[in-house]
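Inspection log for the structure reproduced underneath, given as structure tokens.
Computed from a prediction, not measured in an experiment: that's the story for all the values here.
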Amino acid sequence: MALEPGRRRFLLALAWAGPSVAGAGLPEPGRPARAVWPPPVTLDYQVRRGLLSGQGRLIWDPRPPRYRLRLEARVALLGTVLTQTSTGTLEDGGLVPERFTDERFRRPLRVADFQRPSGPIVFSGRQDTQPLQPGMQDRLSWMIQLPALVQADPGWQHSGRELGLVVVGARADLDRWVFRSHGQQTVALADGRSLQALHLERLNPASGGTHAEVWLDPARHHLPVRARLVEGRDEPFELVLTGG
């Protein structure tokens with residue numbers, strides 16, 4: 001039996017929102033590296049998750065010593081289905097998040113507050129906390145922290161290099177993400193053009209954790225031209241640059 005249009009849109013929206021996945025264990029503290037953060041930019045993407053597709057926009061606004069980062073995804077008929085923001089300061093090691101927000105379609109706003117300088121991290125609607133660790137990133141800031149570290153070190157163009165980040169989300173999920181470089185690869189953009197980009201992939205996420213891949217463009221200060229995130233057995237969430 002065919003679903004009514006309103007019911008079908010609602011079920012698709014639930015697929016987009018995805019589940020809340022808690023990270024496992026506390027990773028060891030990382031050692032901050034000197035970073036070269038990108039200049040201010042707005043990047044437009046095609047976004048996809050399962051049967052849903054739409055437009056996304058990433059706004060990177062550094063105003064040293066502070067920064068603001070925002071990601072928004074919109075889908076026809078549903079409107080805005082995802083909004084994430086990260087705010088904090090810029091230091092030699094890169095981004096130092098102070099507040100991360102995560103809002104998804106028909107779900108309450110979730111917030112992670114980094115109570116610097118000594119912590120802990122507190123979360124809206126939860127009693128548990130997480131400790132602050134050196135170089136820690138949130139579930140959005142890592143998309144700029146990686147380019148900032150790679151831009152500072154040309155050796156990342158070679159396959160096999162690895163880099164670890166401690167990443168925390170707004171649902172108290174915390175884990176260590178270790179990325180490996182696969183070197184330069186050809187990437188197709190949403191407008192049909194292609195370019196050479198540096199492919200980084202997260203290694204061996206824990207069961208139910210986030211599998212992450214990102215393609216960074218050297219001509220754009222190593223900003224992401226494509227990203228692919230998979231939570232457990234969910235449909236992949238993908239961003240592909242539309243042009244510019």
Side-chain angles (χ1 to χ4, degrees), residues 16 18 33-60 62 69-76 81-82 84 86 94-95 137 139-165 167 176-205 209-244:
W16 177 278
R34 187 170 182 85
V36 179
W37 51 81
V41 69
T42 297
L43 298 175
D44 290 320
Y45 297 92
Q46 179 186 82
V47 298
R48 293 193 297 266
R49 182 169 224 166
L51 298 175
L52 297 176
S53 64
Q55 294 79 44
R57 173 164 288 181
L58 182 69
I59 303 173
W60 165 240
L69 180 63
R70 178 182 176 90
L71 174 66
E72 183 175 289
R74 296 180 59 84
V75 172
V81 293
L82 173 68
Q84 294 180 331
S86 175
L95 283 67
Q137 300 299 312
R139 291 292 296 260
L140 180 59
S141 67
W142 74 270
M143 293 185 67
I144 298 296
Q145 180 72 354
L146 268 186
L149 296 177
V150 170
Q151 184 75 7
D153 185 356
W156 279 99
Q157 305 306 318
H158 304 293
S159 296
R161 289 283 298 274
E162 294 183 3
L163 180 151
L165 298 175
V167 179
R176 183 172 177 82
W177 292 21
V178 178
F179 287 90
R180 174 176 291 171
S181 169
H182 295 300
Q184 297 280 340
Q185 295 183 358
T186 300
V187 177
L189 303 184
D191 61 6
R193 294 179 300 142
S194 61
L195 52 79
Q196 291 293 303
L198 177 64
H199 180 203
L200 301 177
E201 181 179 14
R202 184 188 177 192
L203 299 178
N204 304 319
T210 302
H211 178 252
E213 294 180 87
V214 64
W215 288 259
L216 308 178
D217 182 8
R220 292 178 171 84
H221 303 274
H222 287 96
L223 287 163
V225 292
R226 182 184 175 195
R228 187 174 188 269
L229 303 172
V230 184
E231 301 276 1
R233 297 183 178 180
D234 282 0
E235 296 282 359
F237 171 53
E238 296 187 81
L239 297 166
V240 183
L241 193 72
T242 58

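- The minimum heavy-atom distance linking S141 with S86 is given by the pair CB-OG, 3.7 Å.
- With hydrogens and angles ignored, the 3.5 Å screen pairs no side-chain donor or acceptor of Q137 with any backbone N or O of V167.
- Rounding to the nearest 0.5 Å places CG of L229 at 9.5 Å from NE2 of H211.
- The side-chain heavy atoms of L198 and Q157, taken from C-beta on, include a pair separated by under 4.5 Å.
- Residues satisfying the ring-ring contact (aromatic ring centres under 6.0 Å, His included) test with W60, not counting sequence neighbours, are Y67.
- Side-chain contact between R220 and L195 is present, with heavy atoms from C-beta onward closer than 4.5 Å.
- When side chains are defined from C-beta on, V47 counts as touching F237, because their heavy atoms get closer than 4.5 Å.
- One distance of note links CG of L165 with CG of L149; it measures 6.5 Å at 0.5 Å rounding.
- With salt bridges taken as basic N to acidic carboxylate O contacts below 4.0 Å, one links R139 and E231.
- Within the 4.5 Å cutoff, no side-chain heavy atoms of L223 are placed close to those of D217.
- The shortest distance between side-chain heavy atoms of L43 and V41 falls below 4.5 Å.
- Qualifying side chain to side chain donor-acceptor pair (under 3.5 Å) partners for H221, counting only residues two or more places apart in sequence or in other chains: none.
- With respect to the salt-bridge test (charged N to carboxylate O, under 4.0 angstrom), the residues E238 and R49 do not qualify.
- Distance CZ/R74 to CZ/R57: 10.5 Å, rounded to 0.5 Å.
- For the atom pair OG1 of T186 and NE2 of H199, the computed distance is 12.5 Å after rounding to the nearest 0.5 Å.
- For the residue pair M143 and A227, the shortest heavy atom distance occurs at CE-CB, 4.2 Å.
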How far apart are the C-alpha atoms of T42 and L58, what are their side-chain angles, what is the distance that settles it, and do they pass the side-chain contact (heavy atoms from CB on, under 4.5 Å) test?
CA-CA 6 Å; T42 297; L58 182 69; over 6 Å; no

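- Every residue meeting the ring-ring contact (aromatic ring centres under 6.0 Å, His included) condition with W142, not counting sequence neighbours, appears here in chain and number order: W177, F179.
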Check the pair L216 / V225 against side-chain contact (heavy atoms from CB on, under 4.5 Å), numbers first and verdict last.
CA-CA 6 Å; L216 308 178; V225 292; over 6 Å; no

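- Using a 4.5 Å heavy-atom cutoff, the side chains of L69 and L71 are not in contact.
- Electrostatic pairing of R34 and D153 does not count as a salt bridge here, judged by no charged N lying under 4.0 Å from a carboxylate O.
- Residue V187 comes nearest to W215 through the heavy atom pair CG2-CD1, 3.3 Å, listed as atom of the first residue, atom of the second, then distance.
- Here the closest heavy-atom approach between residue P38 and residue P62 is recorded as O-CG, 3.7 Å.
- Of the possible donor and acceptor atoms, none in the side chain of S194 sits under 3.5 Å from a partner among the backbone N and O of A188.
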Output, in order, the C-alpha distance, side-chain angles, deciding distance and verdict of side-chain contact (heavy atoms from CB on, under 4.5 Å) for E162 and L203.
CA-CA 9 Å; E162 294 183 3; L203 299 178; 3.5 Å; yes

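- A donor-acceptor pair is defined here as one N or O able to donate and one able to accept, closer than 3.5 Å; such a pair exists between the side chain of S181 and the backbone of W156.
- Salt bridge R180/E201: absent, no basic N to carboxylate O contact under 4.0 Å.
- Here CG of L239 is found 11.0 Å from CG of D44. Values are rounded to the nearest 0.5 Å.
- In this structure, OG1 in T210 is found 6.0 Å from CZ in R202, a value given to the nearest 0.5 Å.
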Test log, rule side-chain hydrogen bond (donor to acceptor under 3.5 Å, both in side chains), inputs Q196 and Q185
CA-CA 5 Å; Q196 291 293 303; Q185 295 183 358; over 6 Å; no

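- More than 12 heavy atoms of other residues, nucleotides or ligands shown are found within 6.0 angstrom of CZ on R161.
- With contacts defined as side-chain heavy-atom distances shorter than 4.5 Å, the pair D191/T242 does not qualify.
- Shortest non-hydrogen contact noted between P224 and V214 is CB-CG2, 3.7 Å.
- Donor-acceptor pairing under 3.5 Å is recorded for the side chains of R48 and Q46.
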